[in-house]
Protein chains: 2
Amino acid sequence: MKRGNQERYQLQARILKALAHPARLAMVDELACGERCVWELTDLVGSDISTISKHLSILRASGLIESEKRGTSVYYRLRCPCITQLLGCVEATMKEDVRKRLKVIKGRGR
Amino acid sequence: MKRGNQERYQLQARILKALAHPARLAMVDELACGERCVWELTDLVGSDISTISKHLSILRASGLIESEKRGTSVYYRLRCPCITQLLGCVEATMKEDVRKRLKVIKGRGR
DNA sequence: TGCCTATTTGGTAAAATAGGCAAATATAGG
DNA sequence: CCTATATTTGCCTATTTTACCAAATAGGCA
């Protein structure tokens, strides 16, 4: 494989891995609406708060979100609004997939 | 969390997880150029052929690729061209991230 | 100061993932 | 039928991920 690509794929994989968890997707989706603090996200997802905190630190380590402490709470927000587009693409891929599967089933059941 | 979303996030996570590996990203990127058989991808990535085969089966299980046996080889191809867009989004997110980090570093005179 | 609230960290156990080797399969050709 | 080629599967080990509880931290404030 071309040498430069190797590294690029690793970086891409790091981002994708950070997103590849239902709870983290839910949180990113919520953060797309605006910043939230940990307990708000905990309410949303429903896991232990320490679990949420760890998910958030994974997202932060990947560079997708950033945090700021204000008063007694820590607020998280998306670093790049473009993540929403990315999620839109995932959604589109899912839909396209479903569409294709249906076509196969209806078409001939190959 | 809204109940319907729970399931949607799981589906999205499944797709993202399938993509979240450097070798699989390399293979998808290659398949974006056209169909390839297993040994061609093995050459590209450089792992054991059984490992490649397993990566391919993960991608196939996720619905991102499909395979067809012709003659003595099995050819794999993308099921939805839209995956390339998705990868483009990941790339854009990465770049945006780098841009932001640089800004921060410059800002404080690293 | 010392308590309270919000959040992070450490420890740990279970589950999932990754990768290689060897064995099993499948097919083309002689 | 037998062999060579292409691919998949089984087995096993090492690593990573996930989640919870309990304990540690960090600020704000009575």
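Atoms considered below: every heavy atom in the structure, side chains included; atoms not considered: hydrogens, waters and symmetry mates. Quick note on labels: first sequence line is chain A, next is B, and so on, each numbered from 1.
- With sequence neighbours left out, A/R99 forms a salt bridge (charged side-chain N to carboxylate O under 4.0 Å, His left out) with A/E96.
- In this structure B/K69 satisfies the salt bridge (charged side-chain N to carboxylate O under 4.0 Å, His left out) test with no other residue, sequence neighbours excluded.
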Would you tabulate the side-chain donor-acceptor contacts of residues 9-20 of chain A under 3.5 Å, counting partners in other chains and residues two or more places apart, or write 'none'?
unit_1	atom_1	unit_2	atom_2	d
A/Y9	OH	B/D29	OD2	2.4
A/Q12	NE2	B/E91	OE1	2.4

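- The hydrophobic cluster of A/Y75 has no other members, since no ILVMFWY side-chain heavy atom comes under 4.5 Å of it.
- Distance A/D43 CG to C/dA6 C1': 13 Å, rounded to the nearest Å.
- B/D48 places its CG atom 13 Å from the C1' atom of C/dA23, with the value rounded to the nearest Å.
- Under a 4.5 Å side-chain heavy-atom cut-off, the cluster of Ile, Leu, Val, Met, Phe, Trp and Tyr residues that includes B/V98 is completed by B/L102.
- Nearer the 5' end of DNA chain D, as judged by each residue's closest nucleotide, is the contact made by A/A23, out of A/R70 and A/A23.
- Legend: residues meeting salt bridge (charged side-chain N to carboxylate O under 4.0 Å, His left out) with A/D97, ordered by chain and number and at least two apart, are A/R101, B/R79.
- Distance A/L19 CG to D/dT17 P: 14 Å, rounded to the nearest Å.
- Surrounding CD of A/E35 are more than 12 heavy atoms belonging to other residues, nucleotides or ligands, all under 6.0 Å away.
- For A/T72, there are no side chain to side chain contact (heavy atoms under 4.5 Å, CB included) partners, not counting sequence neighbours.
- In this structure, B/R24 reaches the sugar-phosphate backbone alone: every heavy-atom distance under 4.0 Å involves primed, P, OP1 or OP2 atoms, never a base.
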Counting Watson-Crick and G-U wobble pairs with both distances under 3.5 Å, what is the dot-bracket string for DNA chain D, 5' to 3', using [ ] for crossing pairs and | for pairs to another strand? ||||||||||||||||||||||||||||||

Under-3.5 Å N/O pairs linking protein and nucleotides 7-16 of chain C:
unit_1	atom_1	unit_2	atom_2	d
C/dT7	OP1	A/V38	N	3.2
C/dT7	OP1	A/V74	N	3.2
C/dT7	OP2	A/W39	N	3.1
C/dT8	OP1	A/Y76	OH	2.6
C/dT8	OP2	A/S53	OG	2.7
C/dT8	O5'	A/S53	OG	3.3
C/dG10	O6	A/K54	NZ	2.7
C/dG11	O6	A/K54	NZ	2.9

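- Dashed line: the shortest gap from a side-chain N or O of B/H55 to OP1 or OP2 of C/dT17 is not under 4.0 Å.
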